[in-house]
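These figures come from a predicted structure and were not determined experimentally.
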Amino acid sequence: MKNWNKKELSPESVKSLCKKYSLDALSASILMRRGITEGRDLMWFLEDDTRFLHSPFEFAQMEDAVDRILAAKEEGEKVLIFGDRDVDGITATTVLFQQLERMGLDVSWRLPSGDDAYGISMAAVDDFAKDFGTLLITVDCGISNVAEIAHANELGISVIVTDHHNPPEILPDAEIILNPKCADSGYPFAEISGCTVAFKLAQALRFSQTDLYKEDICLLNARTEKKSDGENTIVECVKVRNLVRTKYFALEIDGNLLEQNAQKKRTAFFDFLKGEQIFVWDAKKNLDALKNIFSSAIEFNFFDIRGECAKIIPQVSASSLEQIRRASKIARYENATTEIDALFNIFVTYLEKKIAGIFPSHIDCDECDLQLVTLSSLSDIMPLKNENRIFAKRGLSALNNGKARQGLAQILARQGLLGKTITSSDLAWSVTPILNASGRLGMPEISLRLFLEKDAKKADEIASKLFELNEERKKLVDAATEFLGARPEKSLDKFGGKICLVSEEKINRGVLGLIATKLLRRTGVPSIVITKVSANQAEGSEDFYIGSMRSDEKICCTDFLDKFGDIYMNHGGHAAAAGFSLSEKNYELFLQKIHSVVETTNFCAESSDAIQIDAELPPQHLTGDLMKTIDRFEPYGNECCEFVFLTKAAKIVAAQIVGKTAPAHLKLTLEIGSNKWPALWWGAAEKLNAHFKVGDKIDVLYNYGRNTFNGVEGRRLVIVDARKSVF
């Protein structure tokens, strides 16, 4: 029996969080039980404005990447975007290809097809060189392609790597690398998808079309503070480039000017400002403050931006920086902010609004791209924290407001999702498997063409093909499961219950990851599935083996695979999912080494089987308002699971076993207060009449959600666990 855990909270702490962030008691309690109480963490849950996103120019090499692409446009170079075969790679290719196409570059794309290995191939590099190509941009791959990128360099091809997979110890010698997981990337959040990295590059390219690109600006704020023995003058300056802070300087001098280092500080101040465009808020206030520490004969040339900002944000026309600071949403989530922070925030907000007015197409592109970013984040199981939450919120908002992009709209329609509230779960379970099917069967270009197709009728035909491929994919998974039989359990015994490893040549390579995931769930341990690719399947190549690994928190896939040294042809991935390929001569060596590697690897202890309860709900709280709270915290997924509620003494008034395959499911009707609720408990049919029966009262843990049938939306409970009530 699983343990139930509901963390106790003090009423005072709940009230404090409610007051500070304008939360209702239920929302505040849920956040506190999940350990989300710090301002910056709360921000991602409570806000959905793209203003809160990290700037693409926080990548240390983003400006270099933009300049290289602009140079390619100027010189009429041929550009190739090379992606991956899964949803992340396909969406990343779409986003960057469409942006370069809009800019007028001579751009083409290529994805691994058939039995091609993951990542750039030597053949792809050679083919591009023969076509006189000079700039190759990888998306969702490339960070582990050391040899292939070295070969590209030899052929005079520049390479920009945009990727998000764990980097190897030795990075490829690419001209530019944009990967948030690289130690020197500069980007503040590592857990974004490959498509998100491509989106950031596309955003930066759009920004390069403005007059602000590469403009150096200095923001200055001078103020005086009263002290018991006089006044202090404080001057803060921030240098800004591409709307990102680059340098900070602060000067504080006593009003009596007797401080020993005053002259030295003033000199450093002038050096910092030399040659800069200086912007202030309220020129008179700043001049008066500066006169306290500088001779009135010294002239300061700066531009007062308050009037310009007021044209676009009228409510700030009469506001001081201190008033703006107190009203700022961004400052609300910061532990400590000053007036210079307020100046920076209002300045960037003003410029972004001004750019949106001049380039409205940029907003349209962002909205269209964010739908693909959302798909990629969910399909690649990115943690739904930090800016990933805003990406998904914006993507889902567009879909639920009837703005689904071409291609995606066709899939939503066929899955019966149009006209209902689309959630992250709908996309993860009903959309991404369809898009992934083409790549799994060696034809990822079909999904890519669906997104690139502009004609609705042709897009619908492509969607039909994808659904056919998905049916074929299902059959391959069923066949693979049958091939394996009881071998997974035997493998567990072989490896002391630490991992599961199976190898079967009959398994289609396209479903290796799916089978590894199934085995992870089936065995509860990290799982590896391997198959053989024969030369007659991949013409011109030698036989080789490929494998997929899936893991939970017990071990990092890439760290584990790294232990096998350089016996791979290729390998890479994430902590939870990775892949590799082996030459035929190294296959047996791999099998020999894995035993010793498993023995010497420290697998984490089993995670607690306790179910964490988000809130206990009495009957009167199961109302329409509850759905509003649940919707507010959408999206749900990795590192943000659906809320688990507890309600006690729910009476079972009806029960039915449903499902055609084992394990069967349990469909209940629960009487809670004066209402009756439909409830579904997956795989729990054997509990009926063994643990409880119709007429019993149960304490029940459940997810609360929508149930749409024949176009009518209702509510239902999805049971997580239940036990017979004591009372």
Side-chain angles (χ1 to χ4, degrees), residues 1-9 26 29-36 381 383-384 425 429 488-489 492 497-498 500 517-527 550-555 576 603-619 621-622 626 630 633 636-652 655 657-659 662-670 672 677-694 696-705 716-727:
M1 180 179 291
K2 294 182 178 179
N3 295 320
W4 295 6
N5 181 38
K6 182 166 75 76
K7 183 180 178 181
E8 293 300 321
L9 304 173
L26 177 59
S29 298
I30 290 170
L31 288 165
M32 291 188 71
R33 286 198 174 96
R34 294 194 170 199
I36 303 164
I381 320 180
L384 288 174
S425 295
W429 291 100
E489 284 71 26
L492 275 179
K498 291 184 175 182
C500 171
T517 299
K518 286 182 69 119
L519 294 185
L520 172 63
R521 293 171 182 162
R522 176 170 155 183
T523 64
V525 300
S527 298
R550 297 293 183 270
S551 179
D552 50 16
E553 69 274 13
K554 293 183 184 68
I555 194 169
F603 289 80
C604 295
E606 292 283 344
S607 58
S608 171
D609 63 353
I611 300 174
Q612 304 301 321
I613 299 169
D614 289 296
E616 181 176 346
L617 300 179
H621 282 188
L622 271 73
L626 181 57
I630 291 168
F633 288 96
Y636 299 97
N638 184 24
E639 296 196 26
C640 182
C641 58
E642 292 183 71
F643 296 150
V644 176
F645 297 117
L646 164 64
T647 295
K648 293 180 177 178
K651 184 178 180 180
I652 302 174
I657 293 175
V658 296
H665 317 302
L666 195 55
K667 186 177 180 182
L668 303 176
T669 301
L670 300 178
I672 302 175
W677 290 88
L680 185 63
W681 195 351
W682 298 105
E686 81 284 353
K687 295 181 183 294
L688 184 63
N689 297 322
H691 294 217
F692 39 73
K693 61 185 183 301
V694 174
D696 286 346
K697 289 187 176 181
I698 58 174
D699 297 341
V700 59
L701 300 184
Y702 57 91
N703 308 132
Y704 182 94
R716 77 169 177 192
L717 316 180
V718 177
I719 297 175
V720 176
D721 199 14
R723 56 178 61 154
K724 207 167 181 178
S725 296
V726 177
F727 303 104

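Under the rule for a side-chain hydrogen bond (donor to acceptor under 3.5 Å, both in side chains), R33 has no partner lying at least two apart in sequence or in another chain. By the ring pair (Phe, Tyr, Trp, His ring centres under 6.0 Å) test, W429 is found to be paired with no residue, residues two or more places apart in sequence or in another chain being considered. Evaluation of the side chain to side chain contact (heavy atoms under 4.5 Å, CB included) rule for L646 yields W4, I613, E616, K648, D699, L701 as partners, not counting sequence neighbours. Listed by chain and residue number, P526, I555, C557 satisfy the side chain to side chain contact (heavy atoms under 4.5 Å, CB included) test with S551 (two or more places apart in sequence, or in another chain). For the salt bridge (charged side-chain N to carboxylate O under 4.0 Å, His left out) test, residues two or more places apart in sequence or in another chain that qualify with E489 are R522. Applying the side-chain hydrogen bond (donor to acceptor under 3.5 Å, both in side chains) criterion to T647, with sequence neighbours excluded, gives Y702. Under the salt bridge (charged side-chain N to carboxylate O under 4.0 Å, His left out) criterion, K724 pairs with D696, sequence neighbours left out. Remark: H691 pairs with K687 by the side chain to side chain contact (heavy atoms under 4.5 Å, CB included) rule, at least two apart or across chains. Judged as a side chain to side chain contact (heavy atoms under 4.5 Å, CB included), and not counting sequence neighbours, A576 has no contacts. For H621, there are no ring pair (Phe, Tyr, Trp, His ring centres under 6.0 Å) partners two or more places apart in sequence or in a different chain.
The CG atom of L617 sits 6.0 Å away from the CG atom of L26 when rounded to the nearest 0.5 Å. Atoms SG and NZ, from C500 and K498 in turn, are 15.5 Å apart once rounded to the nearest 0.5 Å. Rounded to the nearest 0.5 Å, atoms CG (L717) and CG (N703) are 9.0 Å apart. Atom CZ of residue R34 and atom CD of residue Q612 lie 10.0 Å apart, to the nearest 0.5 angstrom. A distance of 10.5 Å separates CG of L31 from CG of L9, quoted to the nearest 0.5 Å.
Side-chain contact between K6 and E8 is present, with heavy atoms from C-beta onward closer than 4.5 Å. Annotation: side chain of L668 is not in contact with side chain of V700 (no heavy-atom distance under 4.5 Å). When side chains are defined from C-beta on, L680 does not count as touching I719, because their heavy atoms never get closer than 4.5 Å. The side-chain heavy atoms of T669 and I652, taken from C-beta on, include no pair separated by under 4.5 Å. Two residues are said to be in side-chain contact when any heavy atoms from C-beta on lie closer than 4.5 Å; L670 and I698 meet this criterion.
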Donor-acceptor contacts, no H, no angles, side chain residues 637-645, under 3.5 Å, sequence neighbours left out:
unit_1, atom_1, unit_2, atom_2, d
N638, ND2, I381, O, 2.8
E639, OE1, K385, NZ, 3.4

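The backbone N or O of R521 sits nowhere less than 3.5 Å from a side-chain atom of T523 that would complete a donor-acceptor pair. Here the side chain of H665 pairs no donor or acceptor atom with the backbone of W681 at under 3.5 angstrom. With hydrogens and angles disregarded, no donor-acceptor distance shorter than 3.5 Å links the side chain of Y704 to the backbone of L622.
Taking each heavy atom of L519 and P488 in turn, the nearest pair found is CD2-CG, 3.6 Å. Shown here for G524 and D552, the closest heavy-atom pair between the two residues is O-OD2, 4.1 Å.
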